[in-house]
Amino acid sequence: MITTIPDFHFAMNKILRNISLSHNHLNRLESHTFSGPSELNIIKVDNNNISMVSAETFRFLPKLRYLDLKNNTLNFTNLNFTYLSNLSSLRIDFFNAIQLPAELGSLKSLDISGESGKCEIRMLTPDTFKYLPGLNDLKLSACKINLVYKGTFSHMRNLFALDLSFNTCLKFSGFVNVTYDLPHTSIKILKINKIHKTFEMNTKLKKSHVRYLRHTHITELHVDSNRIQQVEKGLIPMLPYTLRRLYMSDNVFSYGDYLSEIFLMPIYFANFSLLFNSHMPDKEETCEQQNEEPAVNQRQQEDEISTFDIPSFHRSEKQQTNYTVSKLNNDGKLQKHDFKSLDHTNFFPIPRLLKTLIYRQCLLRYEIPNLRFSDNTVEYIDGSSNIFYSWKGPVLHLNHLRFLNLSNNLCSYVSKVFFMSTPNLQILHVANNLLGFVLPEDDNGEILQYLNKLEEINLAYNRIPSLPYTFFKSQVLLKKISLSGNMLDEISFKISHMIHLRHLDLSYNRLSSLSKDIRDHLDKMVHPNIKLVLDLTGNPLKCTCETIGFVKWMFQTAIKLHNQRKYQCKLSNGEKIFIQNPSRMYEKLKKECSSFTSLIIGTTVAMLLLLAIISSGIIYRYRWKLRYMYYMVKNKYHGQHSNTSAENERIYAYDAFISYADNDRFFVHEQFLKKLEDESGLNLCLHKRDFLPGNDIAANITTAIHDSRKVVIIMSQHFLKSYWCMFEYNMARIESIYSRNKENILFLVFLEELSSKDLPLMVLEQVQSQSYIEYPHDEYGNEVFWNKLTEVLS
């Protein structure tokens, strides 16, 4: 809020070097405002209301090197620069002037940009900067420049950086006159962002626009926001061989022949972000003058292009005009590649020396298919904030990649081979996607199996409910894991092998505590010189008897709990409190959880549980005997058993009870009954024929077995699959053990071949210890079979 500075206010500050009075309400700089500090070399009075500066203001400042007068109400033409001959850096508003004064001849840096102040220069002529030959850095952005004459910059031998951005009336046609002068300078950084209006027709970048740049040593080129849609074929080889950093974001590139020349770009860094970005309509400057095209003879221009000497970095015998380009092989020799033989649906050329590729916020909805890049050395790729909704891959030839960012892509699918060609990846950011739909199903850790060198992974905000135990099985070098903002209610993935882990972010999940196993594994990772940081902020932690071990661990562990004072926990009564002192909370829980009532309840529950387990075991062990006794008592009560004269002279109603599956009924009814009943005179019991209608099936079975001398089992696959057949088998077995004094009343007839692995254990025991016979299925064998069976049952 400073409005005035008294004269000689700084007179006693002899060693003062820097005064900043920016963003105040100063309106005048008097003759003696800065008198006194003779060592002063920086003055900042930008963003005030200064309308008058005395001619004597800077008289007593011989060492002044930097002056910022931007955003005031000064008229540039009314300033006196007599005492600023040693000034090396000036920031000032510039309008209604056609030439900078000779007194500023020592300037190295001049900022008259309209982005940070006020600037209006409709036309640049050779006289505008006539007296400033020593400029290194010149900012002319947003100055409403319509026309630039040739020779404007040609005398600036030391010009290093030039910014002509946001002069939307200049266009690329007017930019040609600028490039005409640049070969005479030392230009390294050139910015021409938005020299084309946003809502005009799309631009085609032509060779004529850049033909003079080939003779410069530019290392950094900014061409953002120029509505570039096409690039003329043959333009890329005309770029300076020294070019290393290229900024071409916020354009509208479409497919074209120029893609075949991308190999030739010598750049290390490329930014293609914000492609096809939408813009809000805004008021743009009015172009008052037509751009003056440089008068260059067309034949001369073609000659210049055809004889253009390709730099040694990508020189071939003759620049190809079809789809053939040249690149260096591993031996330093040139190889030619014919693009006609490549499948453009999955091949993408890329500059061989490129290290960093930025392609974010393009908002293009694509899946990433099987994609093959040309040979490259890319180490850093940022593809965040797009809509790459499915990552199928694999993306081949990314063997040098160290950093990959695919966050904010709404991706819900990633294949198990997507990362197959990125073995050296160290940092992976895939936050804010929908990977919770696919990661929980990766039971064998196959998605990340190729990333053995991964050191950092960000999986935050992916709606992940759980991660399989072996999800990180291949990542032994992990140092940082971020799982913030997911839906984890427990840590189920393995971490014991991550001996280098230093930061684990589990904030804003659904964790009520950490299990003892996880706590023990985390404690083992702590080393004397290196601390492990754990973030549990925003989780619904619980402070109850069930989690008392976790509360105790919180104040005993050597792990640093990030933002611990912000942790909240829920008590058993539902109250939420901050865990500012875990030790005190533990002592409180210890008293509550050791009460006598709790001990009684716990003991009672444990005893009841033990009794239930024992009872269940006994019932299961004797289940068939219990069922047999139940039906025997039931049948006796209803008077269904036959009378016996004595224990050893028991009268049986049937010679044998035949137990068979319904699928084997044809064998029983057509052969069994005919041979044993009709021919041998035996009395057999069959459930289809002899069971009493209306009686319970189980009761009929137990009665029939009890009233039969023998039980014949027609064993087959169908028998083993039938519930009632196995019921009959078990009832017969129990009958022989408990009612017949372990007499062998069971006789097994194998109707088909059955391997031992197909037989239940109880049947296998019977086969090994008692008699059985196999049905032979041949005429002679059949006769012997029936004779033996009749003998057994008679």
Side-chain angles (χ1 to χ4, degrees), residues 41 64-67 76 81-82 84-92 94 97-113 119 121 123-141 143 145 147-165 167 170 172 174-193 195 208-223 238-247 266-267 292 294-296 300 304 308-309 311-313:
N41 56 46
L64 187 63
R65 297 291 181 269
Y66 181 98
L67 177 61
F76 182 84
F81 295 96
T82 303
L84 295 174
S85 58
N86 294 324
L87 199 65
S88 60
S89 182
L90 176 63
R91 299 182 76 246
I92 195 168
F94 191 88
I98 59 173
Q99 188 181 61
L100 283 101
E103 290 86 348
L104 297 176
S106 297
L107 275 182
K108 302 297 182 184
S109 174
L110 176 62
D111 182 357
I112 54 178
S113 167
C119 181
I121 315 173
M123 182 169 57
L124 292 179
T125 70
D127 291 332
T128 306
F129 306 107
K130 179 179 179 181
Y131 299 112
L132 306 178
L135 276 179
N136 296 134
D137 185 2
L138 179 58
K139 293 182 175 63
L140 298 170
S141 59
C143 283
I145 299 171
L147 179 62
V148 179
Y149 279 90
K150 291 179 181 178
T152 300
F153 306 104
S154 60
H155 64 289
M156 299 181 185
R157 302 292 180 184
N158 298 319
L159 186 62
F160 180 88
L162 176 62
D163 188 355
L164 285 164
S165 302
N167 291 292
L170 185 59
F172 283 112
F175 170 66
V176 173
N177 281 358
V178 178
T179 64
Y180 183 83
D181 292 343
L182 294 183
H184 303 288
T185 69
S186 302
I187 191 74
K188 296 288 186 182
I189 301 173
L190 178 60
K191 297 182 180 180
I192 49 171
N193 302 324
I195 61 171
S208 60
H209 296 152
V210 301
R211 65 179 182 271
Y212 299 113
L213 292 183
R214 64 190 178 185
H215 302 299
T216 68
H217 293 82
I218 292 176
T219 60
E220 187 173 314
L221 180 61
H222 297 250
V223 202
M238 298 179 69
L239 294 174
Y241 75 94
T242 54
L243 186 63
R244 294 296 179 263
R245 301 177 68 86
L246 179 62
Y247 298 80
I267 56 175
E292 184 179 276
V296 179
Q300 178 186 353
E304 288 177 344
F308 167 51
D309 183 22
S312 58
F313 169 75

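Computed from a predicted model, the values in this text were never measured in an experiment.
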For [X], which residues count as a side-chain contact (heavy atoms from CB on, under 4.5 Å) partner, sequence neighbours excluded?
X      : value
Asn158 : Asn136
Thr152 : Leu124, Pro126, Phe129, Val148, Tyr149, Asp181
Tyr131 : Gln99, Ala102
Tyr180 : Lys150, Tyr212

Run the side-chain hydrogen bond (donor to acceptor under 3.5 Å, both in side chains) test against [X] and tell me which residues pass, sequence neighbours left out.
X      : value
Lys108 : none
Thr82  : Asn80
Arg91  : Asp68, Asp111, Ser116

Checklist entry - Considering only heavy atoms from C-beta outward, does the side chain of Leu162 approach that of Thr185 to under 4.5 Å? => result no
Checklist entry - Within a strict 4.5 Å, meaning less than it, do heavy atoms of the Phe160 and Ser109 side chains meet? => result no
For [X], all residues meeting ring-ring contact (aromatic ring centres under 6.0 Å, His included), sequence neighbours excluded:
X      : answer
His155 : none
His184 : none
Phe175 : none

Item to check | salt bridge (Lys or Arg N to Asp or Glu O under 4.0 Å) partners of Arg245, counting only residues at least two apart | outcome: Glu220
Checklist outcome for this item: salt bridge (Lys or Arg N to Asp or Glu O under 4.0 Å) filter on Asp163, not counting sequence neighbours, yields none
Checklist entry - Does one side chain, of Ser141 or Ser165, offer a donor that lies under 3.5 Å from an acceptor on the other? => result no
Checklist entry - So Tyr241 and His217, would you call those rings parallel, tilted or perpendicular, with 30° and 60° as cut-offs? => result perpendicular
Checklist entry - Under 3.5 Å, side chain of Thr219 to main-chain N/O of Lys188, donor-acceptor pair present? => result yes
